[in-house]
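What you see below is based on every heavy atom in this structure, not just the backbone, and it leaves out hydrogens, waters and symmetry mates. Keep in mind the model is a prediction, meaning the values are calculated, not measured. In listed order, ligands and their atoms are each counted from 1.
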Amino acid sequence: GIIRSLWKRKVPVQVGRMYYSSSPATTKLFIDGKFVESKSSEWLDIHNPATNEVIAKVPKATQEEMLAAVDSCSRAYRSWSETSILTRQQIFLRYQQLIKDNIKELAKSITLEQGKTLADAEGDVFRGLQVVEHTCSITSLMLGETLPSITRDMDTYTYRLPLGVCAGIAPFNFPAMIPLWMFPMGLVCGNTYLLKPSERVPGCTMLLAKMLQDAGAPDGTLNIIHGQHAAVDFICEHPAIRAISFVGSNQAGEYIYEKGSKNGKRVQSNMGAKNHGVVMPDANKENTLNQLVGAAFGAAGQRCMALSTAILVGEARDWLPELVERAKALRVNAGDQPGADVGPLISPQAKERVGSLIQSGVDEGASLLLDGRNVQVKGYENGNFVGPTILSNVSVNMKCYTEEIFGPVLVVLEADSLDDAIDMVNKNPYGNGTAIFTTNGATARKYTHQVDVGQIGVNVPIPVPLPMFSFTGSRGSFRGDTNFYGKQGIQFYTQIKTVTSQWKEEDATLKTPAVTMPT
Ligand code: NAD
């Protein structure tokens, strides 16, 4: 029924400007299939990072509203978990098409609230879309296992089944991709989902919710609440919630992991990073410098997989002046301006923090080869802009190395050998991503095997795996034991039931009780 009625609808759906208007619009809650105005007395402003103008408001949902959202998830679970897997697959086939048809609209909302360039915002949607496309293979991904004849007339088989109500808590830096790592994976497995987007960038998530509804997801399968600590605590504490996916900072992620686990929930927590790009002197210089500059300063460095640290090995040290020249050539501008390479940071506080971390490097003896702190962007004087910045002569005990900067700042260290570089990377507490640039296969192989980091690029600066694999950040960048999306994502959002079944011929019927352990 659902599917047939879907095809009658117009494509693409009209989603543009639904949640914005000229005066600051209010971001709605999405409860039980309805976009509803919050009754909260507490609201937060959402700013355009390029101008700091208030563009919308977001509520801190009330306790009553949060309860209504989770109750809606619980009610919807009863029928959604029993919906045929082919129906769920059809909804997601439809959903991926709607996202594709509206990619520009989604990107615009991202640039408005988050600040990244439009081209980069499309990439944000695209990488999330790939996860949605992957969910369409659910009919294979959810297969169980069978082993016939484990003893006479006896077979064992497993079912992968949903958990119940699952929840996601998202960060500001990928307003489309990260929510799309979460609820589509959860829903396609038969769970219902409570999502709390970042209070700084909720607009894109609301558009994605509308499209999911238009794709045919029944009321209550996805509910959205807004807020900060109280909403996070609610999610960590509510007994109906069985699993929590978190992406964001270590401060929040460690708290959520501990609190959620203590309350008996599954938690996967993707957190901060300090990703090293190791540059060997035999690397293709042109390619390497361009890759490094793109990965350090793209999205103004606000990516958990940004290559924020370069280790120049041996003679690659001599490439520093050219690295600086390339970084200098990047154009800093509002994300919706043509030709912009580097957009603003998310907030004045983020700009202030990045500026003080740059200063700490200078104070501790690093050389400031390129200083983006006083960058002026014509027409956007109030924006949170920091231009590409390079600190060299950095050592491992400096604050600009030990802290995640999350801005357009590349810190450069030096090493005499590959072994020294590996040692440095392994001593850093984070384990999200890394890349090695080399033309030597044996060097690449050694690096790949010896470095204790979850995602490794060989001449690939931002090795975020496609969704048939999983996002395998490790050590200080991850808590939990099952990663996001791919096979591990399916595992996270399902539980296994193992059935042992015996069908005997009549004459083999047990004649007396079997009191010993069956062997
Ligand atoms: P954040 O931790 O400030 O916010 C993330 C979410 O947690 C938000 O929804 C927010 O409301 C909530 N939150 C914030 N502080 C909290 C607290 N003290 N207690 C409970 N909840 C809290 O993160 P952010 O600034 O939005 O995102 C940037 C961070 O996310 C960076 O550290 C970045 O490396 C990380 N990140 C990691 C990955 C990854 O996959 N490893 C991907 C993207 C971003």
Side-chain angles (χ1 to χ4, degrees), residues 27 44 46 49 58-61 113-116 124 127-128 131 167-182 194-202 204-205 224-237 244-260 267-275 299-309 345-347 349-351 353-354 357 384 403-407 429-434 453-455 462-465 467 470-480 483-486 488-489:
T27 310
L44 303 163
I46 300 170
V58 66
K60 292 189 189 177
E113 290 187 350
Q114 200 276 350
K116 64 177 75 175
D124 184 336
R127 292 306 301 256
V131 176
I169 301 167
F172 81 84
N173 65 330
F174 281 97
M177 179 181 82
I178 290 174
L180 290 174
W181 285 1
M182 295 175 171
L194 180 67
L195 183 66
K196 192 202 87 64
S198 166
E199 65 278 19
R200 296 190 266 191
V201 295
C204 180
T205 302
I224 299 179
I225 57 171
H226 301 293
Q228 294 174 309
H229 298 250
V232 165
D233 282 342
F234 176 85
I235 289 172
C236 293
E237 283 164 7
I244 304 173
S245 294
F246 170 82
V247 179
S249 65
N250 282 64
Q251 195 194 5
E254 284 164 21
Y255 172 80
I256 290 166
Y257 182 79
E258 271 156 40
K259 197 168 175 118
V267 186
Q268 53 177 192
S269 179
N270 266 11
M271 304 179 293
K274 199 81 183 176
N275 307 309
Q302 297 178 118
R303 290 183 183 137
C304 68
M305 287 289 278
L307 267 191
S308 53
T309 308
L345 293 173
I346 187 70
S347 64
Q349 294 75 13
K351 178 176 166 157
R353 184 179 164 275
V354 169
L357 281 166
N384 312 315
E403 283 205 19
E404 180 183 37
I405 300 179
F406 225 56
Y430 292 109
N432 211 37
T434 185
V453 175
Q455 307 179 98
I462 305 187
V464 176
S470 300
F471 189 99
T472 50
S474 64
R475 292 198 288 141
S477 300
F478 181 69
R479 289 266 177 111
N483 292 115
F484 278 78
Y485 64 77
Q488 295 202 37

| query | How close does the nearest protein non-hydrogen atom get to atom 27 (O) of ligand 1, and which residue and atom is it? | reply | Pro171 CB, 3.4 Å

| request: Output yes when a side-chain donor or acceptor of Asn384 lies under 3.5 Å from a complementary backbone atom of Lys351, and no otherwise. | output: no

| message | Please check whether Lys196 reaches ligand 1 - meaning an N/O of the residue sits under 3.5 Å from an N/O of the ligand, judged on distance alone. | response | yes

| query | Is any NZ, NE, NH1 or NH2 atom of the basic residue among Lys259 and Glu254 found under 4.0 Å from an Asp or Glu carboxylate oxygen of the other? | reply | no

| request: Select the closest option to atom 30 (O) of ligand 1 among Gly248, Ala230, Gly253, judged by heavy-atom distance. | output: Gly248

| said: I need the nearest protein heavy-atom contact for atom 28 (C) of ligand 1: residue, atom name and distance, please. | reply: Phe406 CE2, 3.6 Å

| remark: So the atoms of ligand 1 within less than 4.0 Å of a heavy atom of Phe246 turn out to be 2 (O), 5 (C), 6 (C), 7 (O)

| remark: Any heavy atom of Asn270 under 4.0 Å from ligand 1? The part involved is both

| request: Below 4.0 angstrom from a heavy atom of Glu199, which ligand 1 atoms are there? Numbered from 1 as shown, please. | output: 8 (C), 9 (O), 10 (C), 11 (O)

| field | Backbone N/O of Leu44 and side chain of Lys60: donor-acceptor pair under 3.5 Å | value | no

| query | Under 4.0 Å from any heavy atom of Gly272, which atoms of ligand 1 are there? | reply | 32 (O), 34 (O)

| For Ile405 against Val354, the heavy-atom pair lying closest together | O-CG2, 3.7 Å

| Close N or O approach (Trp181, ligand 1; < 3.5 Å) | no

| message | If you measure every N or O of Phe172 against every N or O of ligand 1, does any of those distances drop under 3.5 Å? | response | yes

| Per-atom contacts of ligand 1 with Asn173, taking only distances under 4.0 Å to non-hydrogen atoms | 43 (C), 44 (C)

| said: Under a 4.0 angstrom heavy-atom cut-off, which atoms of ligand 1 come close to Ile169? | reply: 6 (C), 7 (O), 9 (O)

| query | Can you find a non-hydrogen atom of Phe471 under 4.0 Å from ligand 1? | reply | yes

| request: Keeping the roles fixed (side chain from Glu199, backbone from His226), state whether a donor-acceptor pair exists under 3.5 Å. | output: no

| request: For ligand 1, indicate whether the residue Asn432 contacts it via side chain, backbone, both or neither (heavy-atom separation under 4.0 Å). | output: side chain

| request: Report the part of Phe478 (side chain from C-beta onward, or backbone N, CA, C, O) that has a heavy atom under 4.0 Å from ligand 1; answer both or neither where that applies. | output: neither

| Is Tyr430 near ligand 1, meaning one of its heavy atoms is under 4.0 Å from it? | no

| message | Suppose I only count heavy atoms of Ala170 and a 4.0 Å limit; which atoms of ligand 1 are within that range? | response | 5 (C), 6 (C), 8 (C), 9 (O)

| query | Of Phe174, Phe484, Trp181, which is the lone residue that meets ring pair (Phe, Tyr, Trp, His ring centres under 6.0 Å) with Phe471? | reply | Trp181

| query | Starting from atom 21 (N) of ligand 1, which protein heavy atom do you reach first, and at what distance in Å? | reply | Val232 CG2, 3.4 Å

| Can a non-hydrogen atom of Arg200 be found less than 4.0 Å from any atom of ligand 1? | yes

| task | Return the residue, atom name and 0.1 Å-rounded distance of the protein heavy atom closest to atom 17 (C) of ligand 1. | result | His229 CE1, 3.2 Å

| message | As a test of the contact definition, would atom 11 (O) of ligand 1 count as having a protein heavy-atom neighbour under 4.0 Å? | response | yes

| task | Tell me, please, which residues at least two apart from Gln251 pass side-chain hydrogen bond (donor to acceptor under 3.5 Å, both in side chains). | result | none

| Of all the non-hydrogen atoms in the protein, which one sits nearest to atom 2 (O) of ligand 1, and at what distance? | Ser249 OG, 2.5 Å

| field | Which residue and heavy atom of the protein sit nearest atom 36 (N) of ligand 1, plus the separation | value | Cys304 CB, 3.5 Å

| Lys196 side chain vs Gly227 backbone, donor-acceptor pair below 3.5 Å | yes

| field | Minimum-distance protein heavy atom relative to atom 41 (N) of ligand 1 | value | Met271 O, 2.8 Å

| Do Gln302 side-chain atoms and Gly407 backbone N/O form a donor-acceptor pair below 3.5 Å? | no

| field | Backbone N/O of Phe478 and side chain of Ser269: donor-acceptor pair under 3.5 Å | value | no

| message | Using the rule side chain to side chain contact (heavy atoms under 4.5 Å, CB included), only one of Pro202, Pro175, Cys204 pairs with Glu113; which is it? | response | Pro202

| task | Would you mind listing which atoms of ligand 1 come within a distance below 4.0 Å of any non-hydrogen atom of Ile178? | result | 42 (C), 43 (C)

| Is the backbone of Asn173 close enough, under 3.5 Å, to the side chain of Arg303 for a donor and an acceptor to pair up by distance? | no

| said: Determine whether a donor-acceptor pair (N or O, by modelled atom type, separation under 3.5 Å) exists between the side chain of Ser245 and the backbone of Gln268. | reply: no

| said: Please check: side-chain N/O of Gln488 versus main-chain N/O of Ser470, any donor-acceptor pairing under 3.5 Å? | reply: no

| task | Would you please name every residue forming a side-chain contact (heavy atoms from CB on, under 4.5 Å) with Glu404, sequence neighbours left out? | result | Ala273, Phe406, Tyr430

| request: Select one of side chain, backbone, both or neither to describe which atoms of Glu404 lie under 4.0 Å from any atom of ligand 1, heavy atoms only. | output: side chain

| message | Would you say Asn250 and Tyr255 are linked by a side-chain donor-acceptor pair, where the criterion is simply a distance under 3.5 Å? | response | no

| Shortest protein heavy-atom distance from atom 13 (N) of ligand 1, along with the residue and atom involved | Ala252 CB, 3.9 Å

